[in-house]
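Notes to accompany the following structure.
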Amino acid sequence: MTPEELNAARGRIVPDVAADGLRVLFCGINPSLTTAVTGHHFAHPGNRFWPVLHRSGFTPRRLRPAEQGELLGLGLGITNVVARATARADELDAEEFRRGGADLTAKVERLAPQWLAVVGITAYRTAFGEPRARIGPQVRTIGGARVWALPNPSGLNAHWTVQTMAEEYARLREAVTDRPSRPTGLPVRPAGRLPARR
């Protein structure tokens, strides 16, 4: 993709991959410009989300970003704290994170996943006013879902390797049950029918 395409993608909203009653709704910080151009979450070549998801046992094989729709069949989904795409997460301010946290809470109340997994401890701390939060399961719930803070899979997060991240993601996988969080038979709401702005 060209620099012009990337620049034109600033501020673009990328639809969620989400449905009612998921086992885990993974929540990124906000879309990258690469994600905004392609429409595929965690699409930047340096992002390690997809290999980590596979190594941790959440997916039977390593999915490509373009295969993100296959997550729904596994009871998994993707959203973001802040909806708009930027070149870097540091282009977002604390107030935008807080607004995103409020919007995310409302979304989780609607979708009722078992777990909300926020991939980025700093984003979680800022969005939900938890400055001392650490990686791992959280005491609080959000919108009725249990919460796990996970390492940010960005290639810029040098403190975590693919292997150490996969071990932490696997801890969450082991905590997840196979039971639906809502009674079976309720209609599934695909991502395309969710409001675009959170």
Side-chain angles (χ1 to χ4, degrees), residues 1 5-6 9 12-83 85 89 104 107-108 111-121 123-124 135 145-158 160-181 188-194 196 198:
M1 60 195 67
E5 288 175 314
L6 290 170
R12 193 173 292 170
I13 308 300
V14 179
D16 292 339
V17 177
D20 290 340
L22 296 171
R23 295 188 302 146
V24 182
L25 180 60
F26 289 95
C27 181
I29 297 170
N30 77 306
S32 69
L33 297 183
T34 304
T35 285
V37 170
T38 63
H40 305 138
H41 292 272
F42 301 104
H44 190 281
N47 195 291
R48 299 167 291 177
F49 177 79
W50 297 103
V52 166
L53 208 61
H54 172 53
R55 283 203 194 186
S56 64
F58 273 112
T59 60
R61 64 182 177 83
R62 178 175 171 175
L63 299 177
R64 299 187 310 275
E67 298 174 304
Q68 63 187 13
E70 294 188 24
L71 292 177
L72 295 177
L74 301 171
L76 309 174
I78 302 175
T79 187
N80 288 285
V81 176
V82 175
L104 178 60
K107 180 183 302 182
V108 172
L111 297 178
Q114 288 181 33
W115 286 91
L116 175 67
V118 182
V119 296
I121 189 65
Y124 173 75
I135 295 291
R146 299 184 68 188
V147 180
W148 200 294
L150 290 168
N152 182 351
S154 166
L156 300 175
N157 184 7
W160 291 80
T161 66
V162 168
Q163 184 57 39
T164 57
M165 277 193 287
E167 290 167 3
E168 185 60 34
Y169 280 55
R171 288 181 61 216
L172 168 60
R173 181 185 51 76
E174 290 164 6
V176 174
T177 66
D178 289 327
R179 65 171 178 76
S181 56
V188 170
R189 184 186 301 127
R193 297 182 190 171
L194 291 175
R198 293 181 284 285

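As the structure is a computational prediction, the values presented were derived from the model and not from experiment. Throughout, numbering of the chain's residues begins at 1 and tracks the sequence.
Partners of L74 under the side chain to side chain contact (heavy atoms under 4.5 Å, CB included) rule, at least two apart in sequence or in another chain, are T59, P60, L76.
Here L116 contributes atom CG and R146 contributes atom CZ; the two are 12.5 Å apart, rounded to the nearest 0.5 Å. Here the CG atom belonging to N80 is positioned 6.5 Å from the CG atom belonging to N30, to the nearest 0.5 angstrom. Once rounded to the nearest 0.5 Å, the distance linking CD1 of I78 with CG of L22 reads 10.5 Å.
With contacts defined as side-chain heavy-atom distances shorter than 4.5 Å, the pair N152/V119 does not qualify. Put simply, the side chain of T79 reaches to within 4.5 Å of the side chain of L25, judged on heavy atoms. Counting only heavy atoms from C-beta outward, the side chains of V52 and W160 never approach each other to under 4.5 Å.
The side-chain hydrogen bond (donor to acceptor under 3.5 Å, both in side chains) analysis of residues 163-175, with sequence neighbours excluded, yields the pairs R55-Q163, W148-E168, T161-T164, Q163-E167, E168-R171.
The main-chain N or O of L63 is never found under 3.5 Å from a side-chain atom of E70 such that the two would form a donor-acceptor pair. A distance-only check finds no donor-acceptor pair linking the side chain of R48 to the backbone of M165 [under 3.5 Å]. A distance-only check finds no donor-acceptor pair linking the side chain of H40 to the backbone of T34 [under 3.5 Å].
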Should L71 and F58 be marked as a side chain to side chain contact (heavy atoms under 4.5 Å, CB included) after you check the CA-CA gap, both sets of side-chain angles, and the distance that decides it? CA-CA 9 Å; L71 292 177; F58 273 112; over 6 Å; no
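Residues R23 and Q114 approach most closely at O-CB, 3.3 Å, considering heavy atoms. Of all heavy-atom pairs spanning A117 and L172, the tightest one is CB-CD2, 3.7 Å. I29 and A89 get closest at one heavy-atom pair: CG2-CB, 4.1 Å.
The aromatic rings of F49 and F42 lie parallel to each other, with less than 30° between the two planes, well short of the 60° mark.
Considering L150, V108, L104 in turn, L104 is the only one that fulfils the side chain to side chain contact (heavy atoms under 4.5 Å, CB included) rule with C27.
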